[in-house]
Amino acid sequence: MSTILEALQYAFIQRALVGGVFIGCCCAFLGVFLVLRRLSLIGDGLAHVGLAAVGLGLFLNTQPLWVSIPVVMFASLWILWLSEKANVYADAAIGLVSAVSVAVGIALASVGRGFNVDLFSFLFGSILAISIHEVFLSVILSIFVIGMVFLFYHELFAIAFEEEYARVLGIPVEKINKILILCTAVTVSLGIRVVGTMLISSLIIFPAITALQIARGFRLAMLLAAVFSTLSVLIGVFVSYVADLPTGAIIVLTNFAFFVLTFIFKKMTQ
Amino acid sequence: MKKVIVSLLFGVGIYLCIPCCTSCRQSSPPTPGKFQVITTLFPLYDFARQIAGDKAEVSLLLPAGVEAHSFEPRPGDIVRISKADLFIYTGPLMEPWAEDILKGITNKELIVINASADILLSQEEDNHNEAHAHQAEVSTLDHEHEHGRQDPHIWVDPVLAQQIVSAIADGFAAKDPANKDYYLANAKAYNKKLADLDIQIRAALEKCSNKTIVYGGHFAFGYFARRYGLEHLSPYAGFSPNAEPTPRKITEMIETLKKAGTSYIYYEELLEPRVARIIAEGAGAELLLLHGAHNISREELEKGVTYLEIMEGNLERLKVGLGYHG
């Protein structure tokens, strides 16, 4: 207990907790819908798109974030378009878009005439090195994303389970899908800057699948996903502090432990 | 509408690529008559440039601003190496990719200089109590493991740099025996400057009250620290820039800084100093650059920065951070 209090005195630990929890909740809320829509790998795919943005940043000589947000948004719409209109399965669409992006990014980076800093290091953050500015960004992002989810809750819910039925009910399926995917794009492009690629993709997938193991209702699933995500960030930061291990890896492993526990719980209660 | 946008973007992308591929790839076409020297890292490039004078054309393989550890050669680079007369690299630890390329090159005329061949690479020092506990993080990848155990950053020590210069000069002499005396004289003159730098650093650091370099990146200055009797502290376990520091290491650094009353922490060139910034902020310290000279930025390249200038700049900032009292 005293170690935890000791850790809390440091500003960087406080920022890791606050930034991590907010980004984690965003990912958890979106993750429930994305996992049900078979789009769970989109976090990983869009993180790769960030590479293309780095390449573009070389040419435009700007802040990587201002390039990566629009590029990642465009890529996410492209994934949606491929999976809805071009008869490509969602997983293949994600693979296609991320492969093209990585290729474009590498090609652009290598034809550039050299640059002033290693931009890759600017694009990919680490949870221990969150700036106060980034904490504010992640809080604003969470308010925005959670607001969107509440606003369109019924529509998202209907589409997540039965798209055809939602269409019959007169829900503007395409518009709602676009909103979901654009929220994901913004979350991923800010998230890789704040907490890094590995954490973003695992925070989208894990809390959602863990919650869906045991939750009976959809509201409960979303609530549980947010709880699991928050707990994993808190436990991950403190355990990594006490055991002197890398924080990102411990958060992912904590998530995995939650999944295993809920899985066992489900099997036992059946 | 979307189709139009997609195809437009592709079109623009391709047109952006084509002129660049043809024009800036080969930034300067080889001048006939001069022999071609290719170097991997910036210090080698600078040394070779000093030795070559106007007799050879020296080029740097790494594009400006690319962090040396994350570089991957392009097919065009391999073609350039195979057409060159002399290839100079630091050694298999620093450039693991160079060995693979060299295996595939059939040019019998190419002379390869391994700058660290005659220098006994030092093992990682156990200067933190827990250094060995962290080995596991570093050893996840094969070449990381090697990089984590032996320190390849030989050029930061001006004395070892003189050995590198001599090795490069020998290579030039072997390739172009007609101008042997010219190269050896250039090397000798340059080594004199490096020896002066050594004396200058030694004199300045003796007048510094603090002997510990607090560094927020992967520590490339092991040879430098040993040469001048300095201690160093870094949150990273080894020399590898890819391992992630743990929260405990960062808090330890903050506490050490607070206790030592040092108000400066050094950060590495080209990378965003996120970890160094966190430590500096926690301890109320200031950030200072300690340029490892692996590579230089585009701006520095255009200004024509040299190894000597980088090291002199480092010395000025070390004087500030280590409490120089002249």
Side-chain angles (χ1 to χ4, degrees), chain A residues 3 6-7 9-13 15-16 52 55-56 58-59 61 64 71 74 77-78 81 85-86 100 104 106-132 196 198 236-250, chain B residues 2-3 5-6 9-10 13 16-21 23-25 27 60 62-70 72 74 76-77 130 133-134 136-137 235 241 243-252 254 269-279 281-282 295-302:
Chain A
T3 344
E6 183 193 305
Q9 291 168 358
Y10 294 99
F12 79 96
I13 300 265
R15 286 194 302 258
L56 256 175
L58 300 188
F59 276 119
N61 216 352
V71 170
F74 171 77
L77 288 177
W78 191 16
W81 180 80
K85 298 282 158 62
V100 169
V104 170
I106 290 175
L108 287 180
S110 97
V111 296
R113 288 192 191 79
F115 36 104
N116 281 327
V117 284
D118 199 68
L119 279 172
F120 290 89
S121 83
F122 275 76
L123 189 73
F124 302 108
S126 142
I127 188 160
L128 292 182
I130 302 179
S131 72
I132 190 72
M198 176 182 70
V237 170
F238 288 125
V239 167
S240 79
Y241 182 79
V242 174
D244 198 16
L245 290 164
T247 311
I250 298 297
Chain B
K2 272 182 206 138
K3 274 183 194 164
I5 296 175
V6 171
L9 274 169
F10 265 106
L16 272 175
C17 290
I18 290 171
C20 273
C21 289
S23 68
C24 66
R25 228 336 152 48
S27 43
L60 178 62
L62 234 66
V66 171
E67 209 277 328
H69 305 83
S70 51
E72 219 179 294
R74 302 160 290 189
D77 296 329
E130 289 165 305
H134 299 298
E137 291 162 35
E244 214 187 315
T246 67
R248 181 70 71 79
K249 267 254 112 61
I250 296 178
T251 56
E252 277 172 17
I254 292 177
E269 78 280 6
L270 296 178
L271 298 175
E272 185 189 23
R274 292 192 140 224
V275 174
R277 201 182 290 146
I278 295 297
I279 298 170
E281 194 194 72
N295 195 6
I296 54 174
S297 69
R298 183 164 66 187
E299 234 168 68
E300 288 169 321
L301 187 73
E302 278 161 9

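Source: prediction; values computed, not measured.
Atoms CG and CG, from B:Asn295 and B:Leu62 in turn, are 4.5 Å apart once rounded to the nearest 0.5 Å. In this structure, the separation between CD1 on B:Ile278 and CZ on A:Arg15 is 4.5 Å, given to the nearest 0.5 Å.
At a 4.5 Å heavy-atom cutoff, the contact between A:Ile13 and chain B is made by side-chain atoms alone. Using a 4.5 Å cut-off between heavy atoms, A:Tyr10 contacts chain B through its side chain alone, with no backbone atom that close. Looking at B:Ile279, there are no atoms closer than 4.5 Å to chain A (heavy atoms on both sides), in backbone or side chain. Proximity to chain A is absent for every atom of B:Glu269, based on heavy atoms less than 4.5 angstrom apart. For A:Ile130, the part sitting under 4.5 Å from any heavy atom of chain B is the backbone (N, CA, C, O) and nothing else.
In terms of heavy-atom proximity, A:Val242 sits nearest to B:Arg248 at O-NH2, 2.8 Å. When all heavy atoms of A:Ala16 and A:Val237 are compared, the pair lying nearest together is CB-CG2, 4.5 Å.
By the 4.5 Å heavy-atom criterion applied to side chains, A:Glu6 and A:Tyr241 are counted as neighbours.
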